[in-house]
There are 2 protein chains.
Amino acid sequence: MQNRLTIKDIARLSGVGKSTVSRVLNNEGHVSPQTRERVLAVIEQQSFLPSKSARAMRGQSDKVVAIIVSRLDSPSENQAVRTMLPLLYEQGYDPIVMESKFSVQRVQEHLQVLQQRAADGVILFGFTGLDEQILEGWQEKTVIVARQYQGFSSVCYDDSGAVNLLLNQLYQQGHRHISYMGTHEADTTTGALRTQAYQAFCEHKQLEPVLILGELTYHSGYELAEGILRPDTTAVICASDSIALGVAKYLQQQHKSDITLCGIGNNLLMRFLFPQALTVELGYGRAGTEAVRLLMSQLHSAPSGQHIIVPCQLADPLP
Amino acid sequence: MQNRLTIKDIARLSGVGKSTVSRVLNNEGHVSPQTRERVLAVIEQQSFLPSKSARAMRGQSDKVVAIIVSRLDSPSENQAVRTMLPLLYEQGYDPIVMESKFSVQRVQEHLQVLQQRAADGVILFGFTGLDEQILEGWQEKTVIVARQYQGFSSVCYDDSGAVNLLLNQLYQQGHRHISYMGTHEADTTTGALRTQAYQAFCEHKQLEPVLILGELTYHSGYELAEGILRPDTTAVICASDSIALGVAKYLQQQHKSDITLCGIGNNLLMRFLFPQALTVELGYGRAGTEAVRLLMSQLHSAPSGQHIIVPCQLADPLP
DNA sequence: TTGTACGCGTTATCAC
DNA sequence: GTGATAACGCGTACAA
């Protein structure tokens with residue numbers, strides 16, 4: 001266990017100089033096949049691992065990236081993080097996870113620690129109130145998720161696309177009285193984009209918009225459900241599956257099983273409990289992949305300031 | 001942003017030697033108040049931060065601990081992790097999060113990386129199949145959560161206590177025909193302990209045990225629900241809230257609202273959707289706290305091999 | 001009390 | 001192709 005062997009020991013054991021061992025470790029050329037093999041054998045046999053801290057100090061790179069989520073128990077962020085982790089390991093990076101809990105100050109504290117550790121990169125889940133001036137100087141090593149910032153690379157979700165997907169589906173099924181329950185919370189941008197998509201669609205199709213904005217919770221969905229149900233309402237779109245779960249409970253209690261319910265997020269539990277509900281897979285996992293890809297390319301060379309929008313799709317209908 | 005200042009620069013700027021700066025940084029004595037103040041001023045002014053990698057190399061400690069969860073989206077582990085993070089920051093440790101996904105090999109790979117990085121400590125969520133010999137040599141720097149291993153410190157949940165809590169409550173309410181849906185999955189120990197608690201209680205109170213073992217999912221709960229409902233059944237205890245959610249759906253579909261449903265885990269969504277159900281708060285957050293506390297004490301001096309059982313309690317009845 | 005010199009494990013730059 | 005040697009930023013005996 002105690003990895004107290006150093007490159008020097010390996011050198012001694014294989015009868016070469018430390019430089020040669022270093023060359024072998026870093027797959028550099030200019031070392032004869034026999035020597036390389038011999039050194040590799042010793043390394044293998046001693047199960048030697050070079051010290052990361054020493055490398056970090058020498059090479060500037062600690063091979064560390066931070067993932068700053070807003071809430072680790074948010075299903076969306078959680079899912080994105082889960083796809084990031086293995087990708088980062090693959091590249092030899094260790095991910096350190098931090099929670100901002102929507103607090104700007106916490107982000108600042110985290111960034112300070114990261115600076116101290118000379119972190120190579122940061123993947124940051126944006127939220128309302130997080131000003132870009134706080135991120136001054138981090139543009140080259142940072143990728144923002146779920147929000148766009150001037151000068152920063154980012155990976156965003158297709159908020160209006162998701163709402164339109166649902167609206168089109170419903171419209172095609174003949175629905176003409178579709179209510180909407182949105183939010184102005186958590187991430188203003190996201191909430192606003194979804195609301196706007198709904199409003200635009202209604203205007204375009206000459207439908208009467210019936211909407212209400214609340215919080216991004218099932219409690220809120222439940223409480224406000226009554227307010228968006230008109231006598232002629234045949235479908236309800238919710239800005240998230242959390243909200244939809246709240247509305248679903250209300251609908252069930254009122255025995256209004258004839259109303260088509262829609263959410264966004266492809267929440268597994270919701271699909272289990274209310275399989276008839278429609279929902280959109282926003283692509284959280286995909287967002288994780290893209291964020292890592294973007295960050296890596298940026299760290300290895302590269303132009304900062306790219307924006308990626310992850311495509312969404314209707315979740316497969318359940319049997 | 002570019003923290004390219006070194007301790008040497010600070011020394012020059014404040015007109016002292018590097019050692020003095022070092023002493024100030026580490027709050028060591030033997031430095032005159034005036035000098036200290038002067039150095040601190042420069043540090044503050046230049047917003048200087050000592051390089052972690054350099055310190056790590058020198059002092060052996062990277063101030064890094066790893067948290068190896070089995071699944072990041074498990075509500076229990078998630079909650080435990082969330083309480084760990086701030087505690088670790090407080091102590092100056094950076095947590096790097098890894099997922100095992102119940103794979104022994106992945107744990108091994110992770111440990112290898114950690115060894116390379118000279119991680120100070122590891123908090124590992126145990127699971128079935130994870131043999132203790134894989135952890136050879138890590139006992140002093142490791143705390144296991146949710147399982148006990150010979151020679152390792154651990155933090156466990158009160159599995160039998162939780163079941164007994166529910167059983168006593170039900171029994172006291174007059175229930176005499178209580179079915180049980182358990183699991184042999186995920187973590188054998190946990191599953192077995194809960195099942196045994198149920199069986200022991202039945203024997204002790206002369207009740208007829210009706211039980212079935214399935215997977216730890218709501219799907220499984222739903223599928224198997226029929227099998228544990230006898231005509232005289234008045235209550236059902238599930239080994240977890242996930243299972244309970246499945247059973248709840250079945251009960252609702254069958255309009256069996258007269259059956260008292262119980263779960264374990266205090267899942268928020270379940271409490272929202274089925275507020276009449278009983279559930280036990282197992283103490284995930286508390287477990288996180290204890291795990292960190294244990295690890296810290298171990299790293300700072302200390303005796304390894306302690307076992308802590310986190311107390312559980314009935315979740316408060318909902319209004 | 002303060003400054004100097006050296007070592008930690010690795011990589012980069014030279015000579016050979 | 002290979003091996004000394006000097007950095008990297010910091011901690012720390014030891015000398016002043």
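- Counting to the nearest Å, the P atom of D/dG3 and the NE2 atom of A/H30 are 15 Å from each other.
- Looking at residues two or more places apart in sequence or on another chain, you find no ring-ring contact (aromatic ring centres under 6.0 Å, His included) involving B/F125.
- Taking atom CG of residue A/L25 and atom C1' of nucleotide D/dG3, one finds them 16 Å apart after rounding to whole Å.
- Between the CD atom of B/E28 and the P atom of D/dG11 there is a distance of 9 Å, rounded to whole Å.
- Between the side chains of B/Q112 and B/Q108, no donor-acceptor pair is found at a separation under 3.5 Å.
- With hydrogens and angles left out, the side-chain atoms of A/E99 and A/S70 include no donor and acceptor closer than 3.5 Å.
- For D/dA7, neither phosphate oxygen OP1 nor OP2 lies less than 4.0 angstrom from any side-chain nitrogen or oxygen of A/R58.
- For B/R293 and B/E290, the salt-bridge test passes: some basic side-chain N is under 4.0 Å from an acidic carboxylate O.
- Side-chain atoms of B/R55 and B/N26 include a donor-acceptor pair closer than 3.5 Å.
- With 3.5 Å as the limit, one finds a donor-acceptor pair spanning the side chains of B/Q34 and B/S32.
- Put simply, CG on B/N27 is 17 Å from C1' on D/dT12, counting in whole angstrom units.
- The closest donor-acceptor contact from the side chain of A/T83 to the backbone of A/A80 lies under 3.5 Å.
- Scanning residues 15-24 of chain A for heavy-atom distances under 4.0 Å to DNA chain C yields A/S19, A/S22.
- Residues A/A54 and B/R36 both approach DNA chain C. Their nearest nucleotides, taken by heavy-atom distance, put B/R36 toward the 5′ side.
- The side chain of B/T35 contributes an N or O atom lying less than 4.0 Å from OP1 or OP2 of C/dT2.
- One interatomic measurement links the two molecules: NZ of A/K8 to P of C/dT11, which rounds to 14 Å at whole-angstrom precision.
- Side chain of B/S32, nearest nucleotide from C/dT1, D/dT2, D/dC10: C/dT1.
- B/Q34 comes within 4.0 angstrom of no nucleic acid atom, judged by non-hydrogen atoms across all strands.
- An OP1 or OP2 oxygen of D/dG11 is reached within less than 4.0 angstrom by a side-chain nitrogen or oxygen of B/R55.
- If you check C/dT11, C/dG9, D/dT2 against the side chain of A/N26, the one that comes closest is C/dT11.
- Taking atom CD of residue A/E37 and atom C1' of nucleotide D/dG1, one finds them 16 Å apart after rounding to whole Å.
- Counting any heavy atom pair closer than 4.0 Å across all strands shown, A/S53 reaches no nucleic acid atom.
- Distance, A/R12 CZ to D/dA4 C1': 17 Å, rounded to whole Å.
- Rounded to an integer number of Å, the gap from CD1 of A/I10 to P of C/dT11 is 13 Å.
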